[in-house]
**Q** 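Okay, handing you the structure first.
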Amino acid sequence: MPAHPFTFSRPEKLKSQIIIQQLFSSGKSQLAFPFRMVWTENTNPQSPAQVQVSVSVSTRNFKHAVDRNRIKRQMRECYRLNKQLLIDFLPPQHPQLAIMFIFVGKKHLPYKLLNRKLVELLTYLRQYYENR
RNA sequence: GCUACAAACUGUUCUAUCGCUGCCAAAUUUUUGGGAGAGGAAAGUCCGGGCAAUACAGAGCACCACACCACCUAACGGGUGGGAGCAAUAGCCGCAAGACUGUUGUUACAGCAAGUGCCACAGAAAAUAACCGCUAUCUAGCAAUAGAUACGCAUGGGUGAAAACGAACAAAACGUUCGCAUUGGUGCGGCAACGCACUAAGUUAGAAUAAACCUUGUGGAUUGAAAGACCAAAUACAUCGGCGCGUUGUACCGCAAGGUGCAACUGAGGGCUGCUCGUCCAAAUGUCGAGGGGUAGGUCGUUAGAGGUAAUUGGCAACAAGUAUCCUAGAUAAAUGAUAGAAACGACUGUAAACAGUACGUACAAAACCCGGCUUAUAGGUUUGUAGCCCUU
């Protein structure tokens, strides 16, 4: 358990193109508007983190980079502040999780709503692994 | 003073909590402290250059770009200054066409006097022009007029963006005069584009069109940082080396040599461990080691540069020179933030005003190898210019 739990540093970011390809070809998916969560278990982890996360906003819905950046930053912030919901629960020997959050909304929404919906998704994921 | 337009400059600030990416210093193996962290366009990716790889004797064709002159620049299709054309406007000369001077705007501003194409609608006709008309001659007729002839006449009409360069006089007909385009000569001024003066020719060439083909001149290798250079796990593989590929029994197949299965022994070697012991795994298409190319991944390229800021000097200016001073982002599924509160400025409402209130607004927009431009977007504020309106003198 790190001293400051609300971090989001490099090992926690999902970057590998190969894992992301796996994610979309064989991952499971859950929708909670305006988010769509795709996740999978990574059996060959490259980093020590238990969960790797990435966020995405489509160019089709948001033409300007400014808008995409802002939404992505807010999504990362939501995850950073709420990730303990999931990580505290997972046992240490559990395989690494790779998660991608995709913003599927067409316009910008208030932060409080984004926060609530992301908590919803994390809670869903937690229950999914509890019931197995 | 207000409004509109154009250009230039500027383009929010602070606090708290929790974070992100480099750097520096401690501590030392993941913590602590310090300090840094988007733009005028970072955008569009439209030009030019650096840089890199590949290609390259030389020449031509094709293709693409550019096109008044001089200068600036690393270079440019960029910039500065100048010239010319065109348009508008004011003044002035002229009967008119048109000329001159000033101001403003504008031009892809070499060639249609090499060839080809095209020229809507209207109109007889849109480029070997004869519809109406006109002239001459002949015929008919008293005459008005009608008809015929001329390879007759571009001079009047209407159409059109344009009608055979334009105008005056005239339908005067192989016109006269004037003006302008164009072509040439001489002199003067200017680096040059070009200008001024004098002078000759002057309807020829449609005084249309080249952001029509084209012609002439000049320039241009191709691909872009996902360029390119280097390091390189695991797994698999080319290659090389060490050790090993054994013994016994039994069953089956086979004429035989031999092969296959099962069991036991041996144990090259490996795992567990810091080492030994121990224990487990392990047998022939084996195992251990070396090893090259090379994948994931990483490092460099990569942020000190045609750099910024001052005043000085030279230049009308773009810009240049030396001097002083400053160091100012470096991510890579891509950091530079999120949330809360306050302030400032503005808007609206109330009010004479101060001021108060507000679920109000604070633009355009995010670096991605680096520079120089161009183009486009931009709330609010400041300055300058132009135009209009109102007030005062």
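Every chain is numbered from 1 and lettered A, B, ... according to where its sequence line falls, protein lines coming before strand lines.
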**Q** Please report the distance, rounded to the nearest Å, between CD1 in A/Ile71 and C1' in B/A366.
**A** 14 Å
**Q** Using atom P in both nucleotides, what's the gap between B/U209 and B/A162 to the nearest angstrom?
**A**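 B/U209 and B/A162 have their P atoms separated by 14 Å.
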**Q** With a 3.5 Å limit on both atom pairs, tell me what B/G33 is paired to, counting Watson-Crick and G-U wobble, or say none.
**A** B/C24
**Q** Using the side-chain heavy atoms of A/Arg80, tell me which of these nucleotides is nearest: B/A333, B/G19, B/A365.
**A** B/G19
**Q** Using the P atom in both, what is the distance from B/C46 to B/A113, to the nearest Å?
**A** 39 Å
**Q** Is there a Watson-Crick or G-U wobble partner for B/U339 with both distances under 3.5 Å, and if so, which one is it?
**A** B/A16
**Q** Using the C1' atom as the point on both nucleotides, what is the distance between B/A163 and B/C131, in whole Å?
**A** 14 Å
**Q** So, is B/G22 syn or anti if syn means the angle is within 90° of 0?
**A**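 B/G22: syn.
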**Q** Any strand is fair game: report the nucleotide pairing with B/G147 by Watson-Crick or G-U wobble, both distances under 3.5 Å, or none.
**A** B/C138
**Q** Mind calculating the distance between CG (A/Asn82) and C1' (B/U339) to the nearest angstrom?
**A**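 Going from CG in A/Asn82 over to C1' in B/U339 covers 13 Å.
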**Q** With rounding to whole Å, what would you report as the distance between B/C66 and B/C92 at their C1' atoms?
**A** 44 Å
**Q** Would you indicate which nucleotide in B/A367, B/G337, B/A365 comes nearest to any side-chain atom of A/Ala65?
**A**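 When the side chain of A/Ala65 is considered, B/A367 is the closest of B/A367, B/G337, B/A365.
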**Q** Can you tell me whether the base of B/U183 sits syn or anti, using the 90° cut around 0 to define syn?
**A** anti
**Q** Are A/Ile102 and A/Phe35 close enough that some pair of their side-chain heavy atoms sits under 4.5 Å apart?
**A** no
**Q** Give none if B/U186 has no partner; otherwise give the nucleotide forming a Watson-Crick or G-U wobble pair with it, both distances under 3.5 Å.
**A** B/A197
**Q** Expressed in angstrom and rounded to an integer, what is the separation of A/Arg68 atom CZ from B/A335 atom P?
**A** 12 Å
**Q** Where each residue is assigned the nucleotide of RNA chain B containing its nearest heavy atom, which of A/Arg76 and A/Asn69 is assigned the position nearer the 5′ end?
**A** A/Arg76
**Q** What integer number of Å spans the C1' atoms of B/C255 and B/C280?
**A**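 Those two atoms are separated by 48 Å.
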**Q** For a quick check of understanding: with a heavy-atom distance under 4.0 Å over all strands, which category does A/Arg70 fall into, base, sugar-phosphate or nothing?
**A** sugar-phosphate
**Q** For the rings on A/Tyr128 and A/Trp39, is their centre-to-centre separation under 6.0 Å?
**A** yes
**Q** Please report the distance separating the C1' of B/A318 from the corresponding atom of B/A207, rounded so that it comes out in whole Å.
**A**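 Between the two C1' atoms, the distance is 39 Å.
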**Q** For B/G261, give its Watson-Crick or G-U wobble partner with both distances under 3.5 Å, or none.
**A** B/U250
**Q** Mind calculating the distance between CG (A/Leu118) and P (B/U339) to the nearest angstrom?
**A**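 To the nearest whole Å, that distance equals 14 Å.
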**Q** What are the two closest non-hydrogen atoms of A/Asn61 and A/Val104, and how far apart are they?
**A**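 It is ND2-O, 3.9 Å.
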**Q** What is the distance, rounded to the nearest whole Å, between atom CZ of A/Arg73 and atom C1' of B/U339?
**A**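 These atoms are roughly 15 Å apart.
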**Q** Distance check, C1' atoms only: B/A238 and B/G293, in whole angstrom units.
**A**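 Rounded to whole Å, the distance is 9 Å.
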**Q** Would you indicate whether the side-chain heavy atoms of A/Val55 and A/Tyr79 approach each other to under 4.5 Å?
**A**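 Counting from C-beta outward, A/Tyr79 and A/Val55 never come under 4.5 Å.
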**Q** Once you round it to whole Å, what is the distance between C1' of B/U339 and CZ of A/Arg116?
**A**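 Distance check: A/Arg116 CZ to B/U339 C1' gives 17 Å.
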**Q** Using purine N1 to pyrimidine N3 plus N6-O4 or O6-N4 for Watson-Crick, or N1-O2 and O6-N3 for G-U wobble, each under 3.5 Å, what pairs with B/C93?
**A** B/G98
**Q** Could you check how far CD1 of A/Ile102 sits from C1' of B/A333, rounded to whole Å?
**A** 12 Å
**Q** Same cluster for A/Met75 and A/Val66 if Ile/Leu/Val/Met/Phe/Trp/Tyr side chains link at under 4.5 Å?
**A**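 No.
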**Q** Would you check if A/Ile99 and A/Met37 make a side-chain contact, meaning some heavy-atom pair closer than 4.5 Å?
**A** yes
**Q** Within a strict 4.5 Å, meaning less than it, do heavy atoms of the A/Phe101 and A/Val38 side chains meet?
**A** no
**Q** Under a 3.5 Å limit for both distances, which nucleotide forms a Watson-Crick or G-U wobble pair with B/C9, could you say?
**A**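 Paired with B/G381.
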**Q** Using side-chain heavy atoms (C-beta onward) and a distance below 4.5 Å, is A/Leu121 in contact with A/Lys117?
**A** no
**Q** Indicate whether OP1 or OP2 belonging to B/U339 is found under 4.0 Å from a side-chain N or O atom of A/Gln74.
**A**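 The answer is yes; a side-chain N or O of A/Gln74 sits under 4.0 Å from OP1 or OP2.
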**Q** Of the nucleotides B/G337, B/A365, B/A333, which has the atom closest to the A/Glu77 side chain?
**A** B/G337
**Q** Can you tell me whether the base of B/A59 sits syn or anti, using the 90° cut around 0 to define syn?
**A**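 Anti, which is what one calls it when the glycosidic angle falls more than 90° from 0.
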**Q** Go ahead and name the base partner of B/A167; Watson-Crick or wobble counts if both distances stay under 3.5 Å, otherwise write none.
**A**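 Partner of B/A167: B/U177.
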**Q** Take A/Asp67 and A/Lys72, find for each the nucleotide of RNA chain B with the closest heavy atom, and name the residue whose nucleotide sits nearer the 5' end.
**A**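 The 5'-side residue here is A/Lys72.
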**Q** In terms of base orientation, is B/U328 syn or anti, with the syn window spanning 90° either side of 0?
**A** syn
**Q** For B/G341, does the O4'-C1'-N9-C4 (purine) or O4'-C1'-N1-C2 (pyrimidine) torsion place it in syn, i.e. within 90° of 0, or in anti?
**A** anti
**Q** Pick the C1' atom in B/G259 and in B/C275, then give their distance to the nearest Å.
**A**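 47 Å, rounded to whole Å.
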